[in-house]
A.B. asks: 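This is the structure, below, for whatever I ask next.
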Amino acid sequence: MTFTNDKAIYIQMADRLCDEILAGKYKDDDRIPSVREYAVMLEVNANTAVKAYDELSRANIIYNKRGLGYFVTPGAKKQIMKERKKEFMKERLPELFRQMQLLDITMDDVAEAYKGIKSVKE
């Protein structure tokens, strides 16, 4: 994983695990990699992975079964989507609309571009 400088590494790790939950790699009550396994996988210090898992536990995205490891909390995917949509609408969308206005990009232009992207994926 390539980390950026705009967020703490443990937050980026937590975001990645959330992305994996959203993508369906991990479903409700699925076991996720151990802290140590995730740290090795992403080539980071185990303490950084602990912070990421603690963050996700506090947010009720994952839970710990003592002696068995960490698991995805039922409903985590829905919760992640709700939070990310709220963040997108509040933080990213206003800047997107501002740029669209500055560049004279219409909603029709966006719809056309979206169709092009969608057809490439299919």
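For the single chain, residues carry numbers from 1 onward in sequence order.
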A.B. asks: Please round to the nearest 0.5 Å and tell me the distance separating atom CZ of Phe97 and atom CE of Met107.
C.D. replies: 5.0 Å
A.B. asks: Count the heavy atoms belonging to other residues, nucleotides or ligands that lie under 6.0 Å from CE of Met81, then report whether that count exceeds 12.
C.D. replies: no
A.B. asks: If the threshold is 4.0 Å, N to carboxylate O, is there a salt bridge linking Glu87 and Arg84?
C.D. replies: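 Not counted as a salt bridge, because no side-chain N and carboxylate O are separated by less than 4.0 Å.
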A.B. asks: Checking side-chain polar atoms at under 3.5 Å, does Asp6 have a donor or acceptor matched by the opposite partner on Thr4?
C.D. replies: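 Yes, because at least one side-chain N or O of Asp6 sits under 3.5 Å from a partner of the opposite role on Thr4.
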A.B. asks: Is it true that Val110 and Met89 fall in one hydrophobic cluster, defined by side-chain heavy atoms closer than 4.5 Å?
C.D. replies: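 Yes, same cluster.
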A.B. asks: Say you draw a straight line from CG of Asn64 to CZ of Phe71; how long is it, rounded to the nearest 0.5 Å?
C.D. replies: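 With rounding to 0.5 Å, CG (Asn64) is 8.5 Å from CZ (Phe71).
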A.B. asks: Salt bridge check, Lys51 against Glu55: does any charged N sit closer than 4.0 Å to a carboxylate O?
C.D. replies: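 No salt bridge links Glu55 with Lys51.
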A.B. asks: Check whether Leu103 and Met100 end up in the same hydrophobic cluster, where Ile, Leu, Val, Met, Phe, Trp and Tyr are linked by side-chain heavy atoms less than 4.5 Å apart.
C.D. replies: yes
A.B. asks: Does the structure place the NZ or CZ of Lys65 under 6.0 Å from the centre of the six-membered ring of Tyr70, at an angle of no more than 45° from the ring's axis?
C.D. replies: no
A.B. asks: So, the side chain of Thr73 versus the backbone of Ala76: is there a donor-acceptor pair under 3.5 Å, distance only?
C.D. replies: no
A.B. asks: Do Tyr63 and Tyr53 belong together in a cluster built from hydrophobic side chains that touch within less than 4.5 Å?
C.D. replies: no
A.B. asks: What are the two closest non-hydrogen atoms of Ala39 and Ala46, and how far apart are they?
C.D. replies: CB-CA, 3.8 Å
A.B. asks: Would you check, one step at a time, whether the test side chain to side chain contact (heavy atoms under 4.5 Å, CB included) holds for Lys27 with Asp30?
C.D. replies: CA-CA 5 Å; Lys27 296 178 179 22; Asp30 279 357; 3.6 Å; yes
A.B. asks: Between the side chains of Arg31 and Glu37, is the shortest nitrogen-to-carboxylate-oxygen separation below 4.0 Å, so that they form an ion pair?
C.D. replies: yes
A.B. asks: If you measure from CZ on Arg16 to CG on Leu42, what distance do you get to the nearest 0.5 Å?
C.D. replies: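 CG of Leu42 is found 4.5 Å from CZ of Arg16.
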A.B. asks: Between Ile105 and Phe88, is there shared hydrophobic-cluster membership here, with clusters defined by ILVMFWY side-chain heavy atoms closer than 4.5 Å?
C.D. replies: yes
A.B. asks: Does Gln101 CD have over 12 foreign heavy atoms under 6.0 Å away?
C.D. replies: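 Atom CD in Gln101 is not packed in, count stays at 12 or less.
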A.B. asks: For Arg92 and Leu96, what are the C-alpha separation, side-chain angles and deciding distance, and is it a side chain to side chain contact (heavy atoms under 4.5 Å, CB included)?
C.D. replies: CA-CA 6 Å; Arg92 298 181 189 200; Leu96 177 67; over 6 Å; no
A.B. asks: Let me confirm one number: the CG-NZ distance from Leu17 to Lys25, rounded to the nearest 0.5 Å.
C.D. replies: 9.0 Å
A.B. asks: Tell me yes or no: between the side chains of Thr48 and Asn45, is some donor less than 3.5 Å from an acceptor?
C.D. replies: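 Judged by distance alone, the side chains do not pair up.
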A.B. asks: Under 4.0 Å between a Lys/Arg side-chain N and an Asp/Glu carboxylate O for Lys78 and Asp28?
C.D. replies: no
A.B. asks: Quick check on Glu95: does its CD atom have over 12 non-hydrogen neighbours (other residues, nucleotides or ligands) under 6.0 Å away?
C.D. replies: yes
A.B. asks: Are Ile9 and Met41 connected in a single hydrophobic cluster, I mean Ile/Leu/Val/Met/Phe/Trp/Tyr linked by side-chain heavy atoms less than 4.5 Å apart?
C.D. replies: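 In one cluster with Met41: Ile9, yes.
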A.B. asks: For residues Asp15 and Tyr10, is any side-chain donor paired with an opposing acceptor at under 3.5 Å?
C.D. replies: no
A.B. asks: Nearest 0.5 angstrom please: Gln79 CD to Ile61 CD1, how far?
C.D. replies: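 Gln79 CD to Ile61 CD1: 4.0 Å, rounded to 0.5 Å.
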A.B. asks: Give, for atom SG of Cys18 and atom CD1 of Ile62, the distance between the pair rounded to the nearest 0.5 Å.
C.D. replies: 9.0 Å
